[in-house]
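Report on the structure given below.
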Amino acid sequence: MKKQLVLILILFASFVKAQDKKQSYSFSLDQAISHALTNNRTAINAGRDIEMAKKKKWETTAMGLPQINGAVSYQDNFKLQTSLLPAEIFGGPKGEFAEVTFGTKHNGGGSLSLSQLIFDGSYLVALQASKTYLKFYENYKVKTDTDVREMIINAYGNVLLADESAQILQKNKAILEKTLFDTDQTYKNGLIEEENVEQLKITLSSVTSNLNYVTRLKDISLKMLKVNLGIDIDADLTLTDKLDVLTQNNLDLALKSSEFNAYSNINYMISQNFVEQRNLELKLQKSKALPTLAAGMNFGYNSFGNTFSFFNSNQRYFNYSNLGVSLNVPIFSSFARSARTQQAKIALEKAKTDLTETEQKLKLAYQNAKSDYEYSIEQYKSSKENLKLAERIEKKQEIKFKEGLSSSFDFTEAQRQLYTSQQSYLQTMVDVINKKAALQKVIGNK
């Protein structure tokens with residue numbers, strides 16, 4: 001019994017410790033966006049790509065800087081190669097050969113070499129390309145942040161939508177349960193028909209089912225938001241903004257009349273970056289027709305012996321050194337360079353065509369996003385008025401139903417119309433927020 005008590009205490013302490021480690025977060029929408037831009041895993045990797053591009057740029061730059069290499073060698077000739085020489089060289093009979101070996105059993109040496117590129121057209125182009133390469137990943141980071149921002153807005157809105165829907169459905173369920181109870185009592189007293197009770201049971205069953213679905217949806221939406229925020233899926237997360245307040249803040253009529261400039265869109269900048277890359281590839285192919293000039297210097301020592309005595313103070317080392325310059329001049333490549341140059345020209349023209357296509361698509365995307373945003377505002381205002389009408393109609397039908405002046409069918413239809421109007425109103429609020437985010441993304445605003 002005592003051992004069991006100790007075990008329970010240990011498990012309880014472990015549980016409490018685990019709960020203490022569980023992190024809690026509380027974000028407004030702006031705070032959520034700020035947190036995601038720093039902690040979203042895709043955004044983090046996009047930042048790492050920039051760092052890799054910077055290192056790649058320096059790698060390219062270093063190719064044209066002095067290169068120094070050192071080498072140490074040792075060779076044990078445990079069996080020297082035998083050669084045959086005419087014996088008469090050593091005073092032997094003519095026509096015979098003497099077996100001789102050249103070299104020593106142990107050979108060792110050390111050397112340093114210095115090389116320097118003096119001129120290479122492809123290197124100059126590579127330096128320009130490394131800057132373009134870095135610029136591409138900087139633009140890609142901006143695009144990633146833009147995508148993350150829109151993703152957080154959508155995910156944040158979906159959680160609020162599910163939460164508001166659940167609250168409304170819970171309220172509708174409570175009202176329905178009371179109405180059903182009162183109606184059932186009236187039926188038991190023989191004042192109304194059983195069909196009135198059955199109609200309300202059907203409506204209550206539908207509302208309960210929707211409530212269960214929305215509750216599960218809220219949990220999934222919240223976990224999706226956590227993933228996008230870059231926080232643990234089991235962490236506690238509280239959203240401080242309200243759906244209606246966010247909607248009012250996103251009713252930006254000035255944005256509807258803003259002018260569009262495709263050049264400020266990050267997708268256009270990335271396409272422009274591809275044009276620059278293709279242009280540099282063309283320059284690279286042209287530069288390969290230019291000569292290359294390089295210089296180098298070598299300095300070293302060699303030592304030989306039939307015994308391993310390289311570390312003895314009397315061991316002899318033989319110095320050597322040289323300095324050289326090399327010039328490589330391309331003369332004729334059977335038109336291979338010309339073919340590669342023509343391919344690069346075609347690739348450049350394709351990139352320019354793609355850039356024009358991107359510009360046209362962005363203009364169309366702006367018109368669509370602007371239209372969708374304007375429509376979402378119109379739908380929001382319309383659904384707001386429709387909800388007020390549906391509430392009044394449902395209230396009137398409820399009074400008539402309780403007084404026996406209206407059928408259960410009319411009352412049920414009024415209820416369904418109210419529930420549809422409620423969900424439509426909530427959805428239009430989210431649409432206003434999401435459509436504005438989509439329009440800002442196209443425009444390039446943050």
Practice task
Look at atom NZ of Lys435 and say whether more than 12 heavy atoms of other residues, nucleotides or ligands are closer to it than 6.0 Å.
Solution key: no

Handout entry: Test item: Ser371 side-chain N/O and Gln367 main-chain N/O as donor-acceptor pair under 3.5 Å
Key = no

Exercise for the section: Could you walk me through whether Gln248 and Leu251 pass the side chain to side chain contact (heavy atoms under 4.5 Å, CB included) test, one step at a time? Expected result: CA-CA 5 Å; Gln248 292 298 321; Leu251 293 175; 3.7 Å; yes

Sequence neighbours left out, cut at 3.5 Å: what donor-acceptor pairs do the side chains of residues 116-125 make with other protein atoms?
residue, atom, partner, partner atom, Å
Gln116, NE2, Gly64, O, 2.9
Asp120, OD1, Ser122, N, 3.1
Asp120, OD1, Ser122, OG, 2.7
Asp120, OD2, Ser122, OG, 3.3
Tyr123, OH, Thr61, O, 2.7
Tyr123, OH, Gly64, N, 3.4

Problem - Note, Tyr25 side chain near Gln23 side chain (heavy atom, < 4.5 Å) - result: yes

Handout entry: Basic-acidic side-chain contact under 4.0 Å: Lys56, Glu59
Key = yes

Completion exercise
One should read off an interatomic distance between Ser382 OG and Tyr375 OH, to the nearest 0.5 angstrom, of 8.5 Å

Practice task
Output the distance between atom OG (Ser271) and atom CG (Asn139), rounded to the nearest 0.5 Å.
Solution key: 10.5 Å

Exercise for the section: For residues Leu112 and Gly70, report the shortest heavy-atom separation together with the two atoms involved. Expected result: CD2-CA, 3.8 Å

Fill in the blank from the handout: Taken to the nearest 0.5 Å, the spacing of Lys173 NZ from Ser206 OG works out to 12.5 Å

Handout entry: Distance-only polar pair, side chains of Glu150 and Asn154, donor-acceptor under 3.5 Å
Key = no

Practice task
Could you check if a side-chain atom of Ile168 sits within less than 4.5 angstrom of a side-chain atom of Leu426, using non-hydrogen atoms only?
Solution key: yes

Practice task
Decide yes or no for Phe310 and Phe304: does some side-chain heavy atom of the first lie under 4.5 Å from some side-chain heavy atom of the second?
Solution key: no

Completion exercise
Hits for side chain to side chain contact (heavy atoms under 4.5 Å, CB included) against Gln427, two or more places apart or cross-chain, chain-then-number order -> Leu161, Val430, Asp431

Handout entry: Test side chain to side chain contact (heavy atoms under 4.5 Å, CB included) applied to Asn265 and Glu359, step by step
Key = CA-CA 9 Å; Asn265 186 281; Glu359 182 181 359; over 6 Å; no

Practice task
List for me each residue that meets salt bridge (charged side-chain N to carboxylate O under 4.0 Å, His left out) alongside Lys345, sequence neighbours excluded, and say none if there are none.
Solution key: none

Problem - Distance-only donor-acceptor check, side chains Asn172 and Gln170, under 3.5 Å - result: no

Exercise for the section: With rounding to the nearest 0.5 Å, note down the distance linking CZ in Arg337 to NZ in Lys286. Expected result: 14.0 Å

Problem - Ionic contact status for Asp145 with Arg149, cut-off 4.0 Å - result: no

Problem - Thr101/Gln81 under side chain to side chain donor-acceptor pair (under 3.5 Å): CA gap, chis, key distance, verdict - result: CA-CA 6 Å; Thr101 57; Gln81 183 176 351; over 6 Å; no

Exercise for the section: Indicate yes or no: at least one non-hydrogen side-chain atom of Lys352 is less than 4.5 angstrom from one of Leu348. Expected result: yes

Exercise for the section: Please assess Asn69 against Gln67 for the test side chain to side chain donor-acceptor pair (under 3.5 Å), listing each intermediate value before the final yes or no. Expected result: CA-CA 7 Å; Asn69 294 292; Gln67 308 291 314; 5.9 Å; no

Exercise for the section: Give the C-alpha distance, both sets of side-chain angles, the deciding distance and a yes or no for ring-ring contact (aromatic ring centres under 6.0 Å, His included) between Tyr380 and Tyr425. Expected result: CA-CA 7 Å; Tyr380 165 69; Tyr425 177 60; 5.8 Å; yes

Problem - Residue pairs involving residues 295-314 (criterion side-chain hydrogen bond (donor to acceptor under 3.5 Å, both in side chains); sequence neighbours excluded) - result: Asn298-Asn322, Ser303-Gln315, Ser309-Gln315

Practice task
Search all heavy atoms of Ser26 against all heavy atoms of Thr240 and return the closest pair with its distance.
Solution key: OG-CG2, 3.2 Å

Exercise for the section: Measure the shortest side-chain to side-chain distance between Lys143 and Asn267 over non-hydrogen atoms and say whether it is less than 4.5 angstrom. Expected result: yes

Handout entry: Separation of Leu222 CG from Leu239 CG (nearest 0.5 Å)
Key = 6.5 Å

Exercise for the section: Kindly determine whether Leu229 and Asn39 satisfy side chain to side chain contact (heavy atoms under 4.5 Å, CB included), including the steps that lead there. Expected result: CA-CA 6 Å; Leu229 286 169; Asn39 297 279; over 6 Å; no

Practice task
May I ask you to check whether Thr428 and Ser383 show a side-chain donor-acceptor distance below 3.5 Å?
Solution key: yes

Practice task
Using the side chain to side chain contact (heavy atoms under 4.5 Å, CB included) rule, take Gln31 and Ser28 through it: C-alpha gap first, then chi angles, then the decisive distance, then the call.
Solution key: CA-CA 5 Å; Gln31 291 171 336; Ser28 65; 3.2 Å; yes

Handout entry: Polar side chain donor-acceptor pair, Thr60 to Ser130, under 3.5 angstrom
Key = no

Practice task
Please work out which of the three classes, parallel, tilted or perpendicular, describes the rings of Phe136 and Tyr140, given edges at 30° and 60°.
Solution key: parallel

Handout entry: Lys441 bridged to Asp147 by N-O distance under 4.0 Å
Key = yes

Exercise for the section: Could you check if a side-chain atom of Asn249 sits within less than 4.5 angstrom of a side-chain atom of Asp241, using non-hydrogen atoms only? Expected result: no

Practice task
Can you see which heavy atom on Arg278 is nearest to which on Ala351, and at what distance?
Solution key: CG-CB, 3.5 Å

Practice task
Tell me, please, which residues at least two apart from Tyr156 pass side-chain hydrogen bond (donor to acceptor under 3.5 Å, both in side chains).
Solution key: none

Exercise for the section: Compute the ring centroids of Phe308 and Tyr74, then answer whether they are less than 6.0 Å apart. Expected result: yes

Problem - Heavy-atom side-chain contact between Phe274 and Asp354 under 4.5 Å - result: no

Exercise for the section: Establish, from distance only, whether the side-chain atoms of Asp163 and Gln167 form a donor-acceptor pair under 3.5 Å. Expected result: yes

Handout entry: Heavy-atom check, side chain of Asp252 versus side chain of Lys436, under 4.5 Å
Key = yes

Completion exercise
So the salt bridge (charged side-chain N to carboxylate O under 4.0 Å, His left out) pairs with at least one residue in residues 75-91 (sequence neighbours excluded) are Asp76-Lys105

Problem - Minimum heavy-atom distance between Ala43 and Val148, given as atom pair plus value - result: CB-CG2, 4.5 Å

Handout entry: Asn386 CG to Gln379 CD distance, which is reported to the nearest 0.5 Å
Key = 8.5 Å

Exercise for the section: Decide, yes or no, whether a salt bridge links Glu51 with Lys54 under the criterion of side-chain N to carboxylate O below 4.0 Å. Expected result: yes

Problem - Minimum heavy-atom distance between Leu80 and Gly103, given as atom pair plus value - result: CD1-O, 3.7 Å

